[in-house]
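Presented below is the structure to which this report refers.
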Amino acid sequence: MPEESTKNDFIREIVSADYAAGKYGGRIVTRFPPEPNGYLHIGHAKAICLDYGVAREFGGTCHLRMDDTNPTKENMEYVESIIHDVEWLGFKVAPEDLYYASDYFEQMYDCAIRLIEKKLAYVCKLSPEEWESVRGNSTTPGSEPPGRAQSVEENLDLFRRMRAGEFEDGAMVLRARIDMTSPNIHMRDPALYRIRRIHHFRQGDKWCIYPMYDFAHCLEDACEGITHSICTLEFEIHRPLYDWVLDNLGFDPRPHQYEFSRLNISYTVMSKRKLLQLVKENHVRNWDDPRMPTIAGFRRRGYTPEAIRRFCDILGVTKCNSLTDLALLEHCIREDLNVSAPRYLAVLDPLKVTLRNYPEGQIELLEGINNPENPAAGTRQIPFGRTLYIEKSDFMLQPPKGYFRLAPGAEVRLRYGYFIRCEEVVTDAEGNVTEIIASYDPSTRGGSAPDGRKVKGTIHWVEATRAISAEARLYERLFAVETPGASDADFLTELNPDSMRVIEIKGEPALGELPAGTRVQFERQGYFCVDPDSTREHRVFNRTVTLKDSWAKQQGK
RNA sequence: AGUCCUGUGGUGUAACGGUAGCACAAGUGAUUCUGGUUCACUUUGUUGAGGUUCAAAUCCUUACAGGACUGCCA
């Protein structure tokens with residue numbers, strides 16, 4: 001029985017109708033077929049959630065298939081990262097559901113032979129340039145390629161010799177014999193096999209001919225008994241060829257291809273080619289650099305699989321070209337982290353505060369709530385003393401109207417601590433503020449005043465001698481901007497050289513003591529993730545900064 | 001230029017001939033020991049023009065706009 005789904009997109013409608021009609025005997029099989037030539041990115045997550053989601057909802061299965069038909073760019077590292085990322089997203093990859101397109105090379109070869117025997121394929125000796133003139137273009141139909149005149153025996157012999165390695169790379173290809181006048185260029189005798197003497201990471205040197213996508217993919221689907229082959233819009237124009245191959249080889253019942261629009265997110269580079277370029281040219285450390293929009297990068301950035309799945313769910317599935325607002329992704333991450341991330345006090349850019357009426361050398365412990373959204377998260381003890389650090393941005397010498405943190409003569413609350421009042425400001429020769437001398441109100445311990453007086457501002461702080469200093473690597477939001485219409489050449493110039501900077505954190509507890517992968521929210525500093533790989537922490541995002549920006553903007557007006 | 005696909009608030013989507021709804025974003029106010037969270041409210045939409053119909057976002061025609069395609073990549 002299909003499980004209840006709240007989603008109702010056109011893909012699910014098709015699957016539902018086929019399921020109800022018993023089209024495949026009530027069996028639903030989908031597949032997610034990445035080429036292992038790079039790491040998975042957030043765009044793949046949408047496809048993964050769709051492919052696995054549909055299968056699960058209809059009691060079917062989803063195959064993870066490595067589409068390894070072009071060995072020039074593929075390797076095992078990518079295979080491993082893909083499996084890891086799919087599982088991390090929350091979709092179990094059972095050994096029996098893991099497939100490799102290259103395992104079907106023998107069957108694909110047999111299918112090619114059958115097409116030749118049916119006079120539906122022939123060996124073409126034309127060079128790419130010669131083929132271009134025969135093929136015609138969108139306005140002029142193609143002409144009869146010379147290879148079409150060859151006999152079945154001749155083609156069989158040539159194709160067998162292609163496999164046997166008798167010809168140079170690129171000397172000839174196997175082509176389907178379809179329609180040289182078709183308005184769909186993909187139907188003008190498309191190439192089925194090419195000669196490539198390249199070591200395949202799984203098949204070794206067993207093959208020197210490799211099948212093309214259009215020939216291979218539909219056969220992979222058919223071999224695995226896929227019922228619904230869901231892919232992105234750019235393959236729409238390939239569908240007639242998908243159908244042609246399977247129908248002419250007599251697969252019945254056979255899989256059908258359905259297309260949905262791929263994910264685009266504002267300010268986000270979503271092209272494997274460009275991401276590879278960022279890695280190759282050392283603009284980022286690797287595919288899993290937290291600045292990358294890859295699944296692995298998001299993991300190190302502190303995004304959770306739940307949040308990413310939620311994002312994919314609310315995206316919807318359509319055939320419209322769309323550009324999703326990055327704010328929607330961030331909303332999903334925030335929504336999840338808000339209820340799950342423990343809070344800690346931390347100061348990124350410290351300013352010394354001395355409480356002149358607090359006993360020298362005294363340290364007391366104050367109680368802080370770990371997560372206001374979740375009482376089960378409990379409380380913790382925070383050391384407090386005479387010398388503290390606060391955030392530089394939480395003090396202003398000449399506060400504008402509407403600023404309710406610390407300023408000369410003003411009173412603020414130290415979160416979970418005391419009310420303090422700024423009484424004196426120490427500056428250096430250049431006039432920079434180097435220290436605040438303040439007094440604290442002993443009756444406000446814990447943060448509330450017995451006389452009921454209110455303070456508008458609550459700031460975070462750390463005790464100077466007990467605070468742990470930790471090096472933190474902060475990544476600013478996104479490093480590259482891709483707007484619709486931006487050319488390939490533009491996009492690298494958008495890289496921000498300041499996007500990575502190292503600063504000092506005075507905070508508690510020791511970040512190194514937090515388990516790797518922990519997400520914490522530093523009070524008013526945004527969410528951070530303790531990097532599972534380096535135990536450094538990454539800022540996930542910081543809504544406070546956004547608010548500060550808009551506040552600053554208001555002041556500027 | 002040709003062929004195919006797609007047009008619903010700023011963005012992403014729902015409504016399958018019968019009340020244009022939801023989420024994000026934006027704005028206003030309230031709450032708050034995070035300028036966070038939460039809550040309430042508000043703004044903004046069927047690409048244009050014709051038809052069919054008692055009734056059209058939905059069906060038809062057409063114009064316009066956007067996208068995909070012209071690898072021996074996937």
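We name chains A, B, ... by the order of the sequence lines, and we start the count at 1 in each one.
Nearest to the side chain of A:P372, among B:C24, B:U13, B:G36, sits B:G36. Taking the side chain of A:W131 as heavy atoms from C-beta on, and the options B:U6, B:C72, B:U11, the nearest nucleotide is B:C72. Nearest to the side-chain atoms of A:D325 among the listed nucleotides B:G10, B:U13, B:G66 stands B:G10. Among the nucleotides B:A1, B:A25, B:U34, the one closest to any side-chain atom of A:T139 is B:A1.
For A:P33, the side chain to side chain contact (heavy atoms under 4.5 Å, CB included) partners at least two apart in sequence or on another chain are A:R31, A:R65, A:H217.
A:L233 comes within 4.0 angstrom of no nucleic acid atom, judged by non-hydrogen atoms across all strands. Within 4.0 Å (heavy atoms only), A:P211 reaches sugar-phosphate atoms of the nucleic acid but no base atom. At a threshold of 4.0 angstrom between heavy atoms, the contacts of A:G316 with the nucleic acid are absent. Across all strands shown, A:T69 has heavy atoms under 4.0 Å from sugar-phosphate atoms exclusively, and none from any base. A:F404 comes within contact range of at least one nucleobase, with a heavy-atom separation under 4.0 Å. Nucleic acid contact for A:R188: none, since no nucleic acid atom lies under 4.0 Å from a heavy atom of the residue.
Contact check on A:E364 versus A:R445 returns a salt bridge, with a Lys/Arg side-chain nitrogen under 4.0 Å from an Asp/Glu carboxylate oxygen. Salt bridge A:R262/A:E234: present, at least one basic N to carboxylate O contact under 4.0 Å.
What you find for A:L263 and A:I42 is that their closest heavy atoms are CD2-O, 3.7 Å.
Residues A:Y104 and A:E224 bring a donor and an acceptor atom of their side chains to less than 3.5 Å of each other. No donor-acceptor contact under 3.5 angstrom links the side chains of A:Y213 and A:N70, judged on distance only.
With hydrogens and angles ignored, a donor-acceptor pair closer than 3.5 Å exists between the side chain of A:E373 and the base of B:G36.
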How does RNA chain B look in dot-bracket form if you count Watson-Crick and G-U pairs under 3.5 Å, write [ ] for pairs that cross, and put | where a base pairs with another strand?
.((((((..((((....[..)))).(((((.......)))))....(((((..]....))))))))))).....
